[in-house]
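Below, read A as the first sequence line, B as the second, and so on, with proteins coming before strands; counting in each chain starts at 1.
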Amino acid sequence: MRRTRLFLPTLKETPAEAQIVSHRLMLRAGLVRQSAAGIYTWLPVGYRVLRKIEQIVREEQDCTGAQEVLMPTIQSADIWQKSGRYDDYGKEMLRITDRHDREILYGPTAEEVITDIVANEITSYRDLPKNLYNIQWKFRDEVRPRFGVMRGREFLMKDNYSFDLDKAGAVHSYNKMFLAYLRTYSRMGLKAVPTAADTGPIGGELSHEFIILADTGESEVFCDRALLELPAPGPDVDYEADLQPLVDTWTSHYAATDEKHDADACPLSGDQLVTARGIEVGHIFYFGTKYSQPLGAIIQGPDGQQVTLEMGSYGIGVSRLVGAIIEASHDDDGIIWPESVAPWTVGLINLKVGDADCEATCERIYAALQTAGVEVLYDDRDERAGGKFADMDLVGIPWQLTVGPRGLKDGKIEVKRRADGEKSEIALDDVEAWIAERAAS
RNA sequence: CGGGAAGUAGCUCAGCCUGGUAGAGCACUACGUUCGGGACGUAGGGGCCGGAGGUUCGAAUCCUCUCUUCCCGACCA
């Protein structure tokens, strides 16, 4: 992408409404603009990042055998009346009336919708287990939206729902998600801590929150140092095998948020206990027949008996992750994207637009990057050097290639790694090799 | 939903107390000088001072109502 053609409105000053760092940077780096309280428009750069995060979530879901569906944003009140949540949910649910005066709502979650589908379509144990997921916009009419996209009213969420014949099957489904979540966050460069959680209004017996560590996080986490050193499961996880031992290696370590942490009961001491700030980016539940019962998700088992399905539901705040990753990864100059979610991998800076040598070199490198499949943002604007460097840092492109007359004189360009600011020079003859290295990683 | 604050140019803000008809910096346009980490000069463009009502000869400024946004708390992916 050429910068001269890109819609990327960056700001030198911080808009007054933004208080926390991710919100400020998302506005300054031109990722989003607020449309109303807690409601945002995603501009091209922000939307690229959002889709990359979404894609990682999708890939890791697919690996477990979960299948993607797309459920509606607008739901009928009927099914919520059946589950009993229409009255329970309160004012956070955005309720709407259509032209026929029928009650509808903008979905805050989708247990009712999916359970209704499954209740209608699955009638035999032979069709189980099933795990269906959905990446869709949700709406919760928060009293006080804040922290930009981290606590918006409209948010993009991956939610899925497992359906099993018995509790053992449901626990296996739960364990699959437990491990898939660890992989998902790890691929985004995040350290996620699974903590035993209250089940809240959704209800259930078994539940974990996934908290990523960021100094500016909203809640406090207490956990075993060993938990932070456990490596996330690799890509070779066999989701059909017995997952309990692997899950146990994680859940056997102490981890609690400030609400649940009890200093007296905590088994850890001294250096073993880590106290950190964190942001909740996922939540998984097992809740048995809470929805299958009232919505009639009942099938026939192998022995001919009627069985009420065992369910679990699993959420990841996809749009929240954009903010959360920035909270976890930034400096005074701007965002530092992990490569896996960066809007572009390489930023190419032409320091002297109009100079034949600089232009030809940039065009050559730009074309080579594209041919190699390395995503590149080419800053071809006729701006001062400082402004271009500052923008690249602000937007957080992982690698910056700087082409200027001073370097070209010696047949060199400069490479800067955003994460640590480390700069090095590479000879023009070695650029192709450097690109190949990026393409491979 | 309780408590607090703020709405003036695209952004950050001054002006309001003490009413007299709109300002600065950044951004934008043109020209010139500059040009390896957010330059400088000159000349420009841009505002129904959130909205409605009131007081007054006259309201960004005073009064009332309203809408919006932000912060603290309670609540939450």
Side-chain angles (χ1 to χ4, degrees), chain A residues 9-20 23-24 27-28 30 33-39 57 89-93 107-110 135-160 181 197-202 207-212 218-219 257 259 279-285 313-324 332-334 349-355 358 379 381-394 400-410 412-414 416 421 423 425:
Chain A
T10 57
L11 302 170
K12 209 185 288 189
E13 286 178 283
T14 303
E17 78 251 26
Q19 298 301 315
I20 63 161
H23 190 196
R24 288 200 294 257
L27 292 169
R28 288 194 53 214
R33 286 295 181 263
Q34 181 164 307
S35 191
I39 300 178
V57 170
Y89 216 94
K91 290 182 128 180
E92 285 202 345
M93 179 186 281
T109 177
I135 300 174
Q136 177 63 288
W137 292 92
K138 307 288 195 295
F139 195 94
R140 290 183 195 171
D141 199 0
E142 297 279 347
V143 194
R144 191 187 156 205
R146 64 188 127 162
F147 305 147
V149 301
M150 293 223 293
R151 183 78 182 279
R153 292 194 292 173
E154 189 183 46
F155 55 97
L156 187 62
M157 180 175 168
K158 185 281 302 176
D159 48 318
N160 50 333
Y181 274 37
D198 279 329
T199 49
I202 296 180
S207 174
H208 284 90
E209 279 179 2
F210 287 78
I211 307 218
I212 61 155
E218 45 186 331
S219 50
T257 54
E259 302 137 10
I279 302 166
E280 184 188 343
V281 290
H283 206 155
I284 61 180
F285 298 90
S313 80
Y314 317 91
I316 289 182
V318 176
S319 49
R320 165 178 279 196
L321 270 168
V322 179
D332 290 346
D333 295 325
I349 298 175
N350 182 353
L351 279 185
K352 194 164 188 183
V353 170
D355 176 89
C358 286
D379 195 340
R381 294 174 304 168
D382 187 11
E383 292 283 330
R384 301 175 64 79
K388 297 189 185 193
F389 289 132
D391 257 16
M392 281 293 181
D393 285 347
L394 177 61
Q400 294 170 20
L401 293 183
T402 303
V403 176
R406 211 164 71 190
L408 285 188
K409 205 170 54 191
D410 304 322
K412 287 179 175 166
I413 64 170
E414 186 182 279
K416 176 179 147 181
K423 294 178 192 171
E425 292 196 318

Quick check: closest heavy atoms across A:A18 and A:L27, and the distance to 0.1 Å?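 The answer is CB-CD1, 3.7 Å.
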What are the two closest heavy atoms between A:A324 and A:V281, and how far apart are they?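 Distance-wise, the nearest heavy atoms are CB-CG1, 3.8 Å.
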Any side-chain N or O of [X] under 4.0 Å from OP1/OP2 of [N]?
X: A:K12; N: B:C11; result: no
X: A:Q34; N: B:U68; result: no
X: A:R144; N: B:C71; result: yes

Donor-acceptor pair, [X] side chain versus [Y] backbone, under 3.5 Å?
X: A:S319; Y: A:L156; result: yes
X: A:R28; Y: A:L394; result: no
X: A:K388; Y: A:N350; result: yes

As a test of reading the structure: which of [options] is closest to the side chain of [X], going by heavy atoms?
X: A:A37; options: B:G73, B:C70, B:C11; answer: B:C70
X: A:E92; options: B:G37, B:C75, B:U12; answer: B:C75
X: A:P405; options: B:C76, B:U69, B:G36; answer: B:G36
X: A:F155; options: B:G38, B:U12, B:A77; answer: B:A77
X: A:R384; options: B:A39, B:C70, B:A77; answer: B:A39
X: A:R146; options: B:G73, B:C1, B:U69; answer: B:G73
X: A:Q19; options: B:C71, B:C1, B:G37; answer: B:C71
X: A:R140; options: B:A27, B:C76, B:C35; answer: B:C76

Which is true for [X] with a 4.0 Å heavy-atom rule: it touches a base, it touches only sugar-phosphate, or it touches nothing?
X: A:K91; answer: sugar-phosphate
X: A:K158; answer: nothing
X: A:G323; answer: nothing
X: A:A36; answer: sugar-phosphate
X: A:G404; answer: base
X: A:T402; answer: base
X: A:K409; answer: nothing
X: A:D159; answer: nothing

Pairwise [atom1] distance, [M] and [N] [rounded to whole Å]:
N: B:A27; M: B:C11; atom1: C1'; answer: 7 Å
N: B:G15; M: B:G47; atom1: C1'; answer: 14 Å
N: B:A43; M: B:C26; atom1: P; answer: 15 Å
N: B:U61; M: B:U18; atom1: C1'; answer: 10 Å
N: B:G3; M: B:A74; atom1: P; answer: 16 Å
N: B:A52; M: B:U8; atom1: P; answer: 15 Å
N: B:A59; M: B:C63; atom1: C1'; answer: 11 Å
N: B:C48; M: B:A22; atom1: P; answer: 13 Å

Identify, between A:G282 and A:G386, the residue whose nearest nucleotide on RNA chain B lies closer to the 5' end.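 By nearest-heavy-atom nucleotide position, the 5'-most residue is A:G386.
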Earlier contact from the 5' end, RNA chain B, for A:G407 and A:E218: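 The residue whose closest nucleotide sits nearer the 5' end is A:G407.
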Length of the line joining [X]:[atom1] and [N]:[atom2], which is rounded to integer Å:
X: A:Q400; N: B:G38; atom1: CD; atom2: P; result: 14 Å
X: A:I279; N: B:C76; atom1: CD1; atom2: P; result: 18 Å
X: A:L11; N: B:C11; atom1: CG; atom2: P; result: 9 Å
X: A:F147; N: B:C75; atom1: CZ; atom2: C1'; result: 13 Å
X: A:Y89; N: B:C75; atom1: OH; atom2: C1'; result: 12 Å
X: A:R28; N: B:A27; atom1: CZ; atom2: C1'; result: 14 Å
X: A:I349; N: B:G37; atom1: CD1; atom2: C1'; result: 10 Å
X: A:D382; N: B:U34; atom1: CG; atom2: C1'; result: 12 Å

Can you confirm whether A:K138 is buried at NZ, in the sense that more than 12 heavy atoms of other residues, nucleotides or ligands lie under 6.0 Å from that atom?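 Above 12, so yes.
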Should the heavy atoms of other residues, nucleotides or ligands under 6.0 Å from NZ of A:K416 be counted, would the total exceed 12?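 Check passes, neighbour count above 12.
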[N]: pairing nucleotide in any strand, Watson-Crick or G-U under 3.5 angstrom:
N: B:U21; value: none
N: B:G53; value: B:C63
N: B:A5; value: B:U69
N: B:G47; value: none
N: B:G37; value: none
N: B:C26; value: B:G10

With a 4.5 Å cut-off on side-chain heavy atoms, are A:F210 and A:I316 touching?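 The answer is no, as the side chains (C-beta and beyond) never meet within the 4.5 Å cut-off.
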Distance alone, cut at 3.5 Å: any donor-acceptor contact between the side chains of A:Q136 and A:D159?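 Side chains of A:Q136 and A:D159: no pair found under 3.5 Å.
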Is there, by distance only and without an angle test, a donor paired with an acceptor across the side chain of A:R151 and the base of B:C76 below 3.5 Å?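 Looking at the base of B:C76, it does pair with a donor or acceptor on the side chain of A:R151 (distance under 3.5 Å).
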Per the atom types in the model, does the base of B:G25 pair as donor or acceptor with the side chain of A:E13 at under 3.5 Å?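 Check passes, donor-acceptor contact within cut-off.
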